[in-house]
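These notes are about the structure you will find just below.
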Amino acid sequence: MTAPSTPTTAIIVVAAGSGTRLGAGVPKALVDVDGRTVLRHALDGVFAAAPMQVVVVAPAGWETQVDAEIAASAGERRHLATVVTGGATRQGSVSAGLDALHDDVRVVLVHDAARALTPASQLDAVAAAVTETGVIPALAVVDTLKRVDGDEVTGPVDRSALAAAQTPQGFPRAALQDAYATALAAGQDHTDDAALFAAAGGAVRRITGSERAFKITTPGDLERARLLLAAGALALPRIGVGTDVHAFGGEGNLWLAGLEWPGEQPLSGHSDGDAVAHAMVDALLGAAGLGDIGQHFGTAHPEYAGAHADVFLARTATMLAEAGFAIGNVSVQFQGNRPRFSARRGEAEQVLSAALGGAVVTVSATTTDGLGFTGRGEGVAVTAVALIHRI
Ligand code: CTP
Ligand code: MG
């Protein structure tokens, strides 16, 4: 199968297990966690990562439900995702997923739906680390381990030589498919892809995994996922404040609040002097603890000279998303005699909101009764407050 502009990375999300150890009466991927299923949480991570082909491997008879979960999570990436029916073992399910890859795919990630809370950043990190070797995320083993025989403790195990493997596990596509063919021919059944890949002679490296990528296997694991999600939902939002001041000066038209104002005197400054956008950026960066506008967009970054609000704000929103924050709203107040703001308030709010990916932005304007530099018409002053929350 080939499609135009198909991503060259794919992820196979195996969700076809029955969840015997969880014992919920429905396949584990369709078990409700907090109003959303295990699979939905896994897919939310997948669709928050860089765009990839997504093949979800469903339990036989549950394809329609799995498809609905994809539709709910994928947004505009719906066309990148397909459902295939799984096999009797995990290996058989991955194999079914491999058969559905587009021809253009070069790197394959294999991910357990059961690792529902795996951060999107872990998917991106594994994909980026794949070369000709396989890559797995893994955590150091923290418990003291014992070798046992029934109830008898027979000896110690050196945990420094061990790591706990997670998913997604990433591989070069051709080598992984060859390894699957080898395992099939040899009648082997491996519980993870790294073991299968290594059995066929492939090298596997590890990168650091994440505590949140634990596998939901038992009822206790499901409880842990629920508690983590509840704690996240209860976490207090964070606020940030930003101010900016620019003097009128220079040539051309004014740029303020993401709009061009023909006939109005411009503001001077590196970039377009849009003090509304700059105060918003500082409020957002401050709320997220990501530093300030000078650090990320200042004179050391000539690529932003002359840039307008949409560029600054879109980049800021991306930085916040990468740091795990969603933007609630930004409230901005502009002080100055000019421009007369009220007629274009709605337009400005729309442009600024769009630049932030749809977060609510409100802008108010005031004069200062002739007092101060704003009152004398020398420049403008802006204050912005941003509210953000962890995702
Ligand atoms: N899996 C699969 N097809 C199978 C078996 C497992 O797609 N035939 C998937 C599961 O859906 C899960 C992942 O492989 O996302 C890891 O498997 P595991 O945690 O063992 O899930 P289950 O097999 O569903 O659970 P159990 O072993 O308790 O029955
Ligand atoms: Mg299993």
Side-chain angles (χ1 to χ4, degrees), residues 10-33 36-47 49 52-70 73 81-101 108-120 122-123 126 134 136-139 164-171 176 180 183-184 187-197 209-226:
I11 185 163
I12 297 170
V13 181
V14 283
S18 52
T20 319
R21 287 168 286 180
L22 191 59
V26 289
K28 184 160 69 182
L30 280 316
V31 169
D32 180 83
V33 184
R36 293 183 174 201
T37 62
V38 169
L39 177 61
R40 175 66 195 277
H41 282 287
L43 290 174
D44 286 351
V46 166
F47 290 110
M52 301 179 266
Q53 186 194 352
V54 179
V55 179
V56 185
V57 186
W62 294 82
E63 294 83 353
T64 311
Q65 288 88 338
V66 166
D67 205 53
E69 297 292 308
I70 294 173
S73 179
T82 46
V83 180
V84 299
T85 305
T89 63
R90 185 184 182 284
Q91 186 175 311
S93 293
V94 176
S95 190
L98 287 170
D99 291 341
L101 297 181
V108 181
L109 309 187
V110 184
H111 189 36
D112 290 337
R115 297 184 187 275
L117 303 187
T118 305
Q122 180 153 318
L123 279 56
V126 171
I136 66 166
L139 286 181
Q166 301 181 332
T167 69
Q169 302 188 346
F171 307 89
L176 183 64
Y180 263 84
L184 184 68
Q188 299 162 346
D189 191 53
H190 297 277
T191 54
D192 84 341
D193 308 280
L196 179 147
F197 192 74
S210 155
E211 298 278 355
R212 285 183 77 91
F214 70 95
K215 185 157 72 72
I216 299 175
T217 306
T218 63
D221 296 326
L222 184 61
E223 202 46 42
R224 179 178 171 195
R226 286 182 174 141

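Remember, it's a predicted structure, so these values are computed and weren't measured experimentally. In listed order, ligands and their atoms are each counted from 1. Values below: all heavy atoms of this structure, side chains included; hydrogens, waters and symmetry mates excluded.
Closest of all the heavy-atom pairs between G45 and L123 is O-CD2, 4.0 Å.
Side-chain contact, T37 with E69: a donor N or O sits under 3.5 Å from an acceptor N or O. Residues Q91 and Q188 have side chains that never bring a donor and an acceptor to within less than 3.5 angstrom of each other. Side-chain contact, Q166 with T118: no donor N or O sits under 3.5 Å from an acceptor N or O. Remark: the D221 side chain and the T218 side chain contain an N/O donor-acceptor pair separated by less than 3.5 Å.
The 4.0 Å heavy-atom shell around ligand 1 contains residues V14, A15, A16, G17, S18, G19, T20, R21, K28, G87, A88, T89, R90, S93, D112, A113, A114, K215, ordered by chain and number.
A cation-pi arrangement is present between R224 and F214, with the terminal nitrogen or guanidinium carbon under 6.0 Å from the aromatic centre and inside a 45° cone about the axis.
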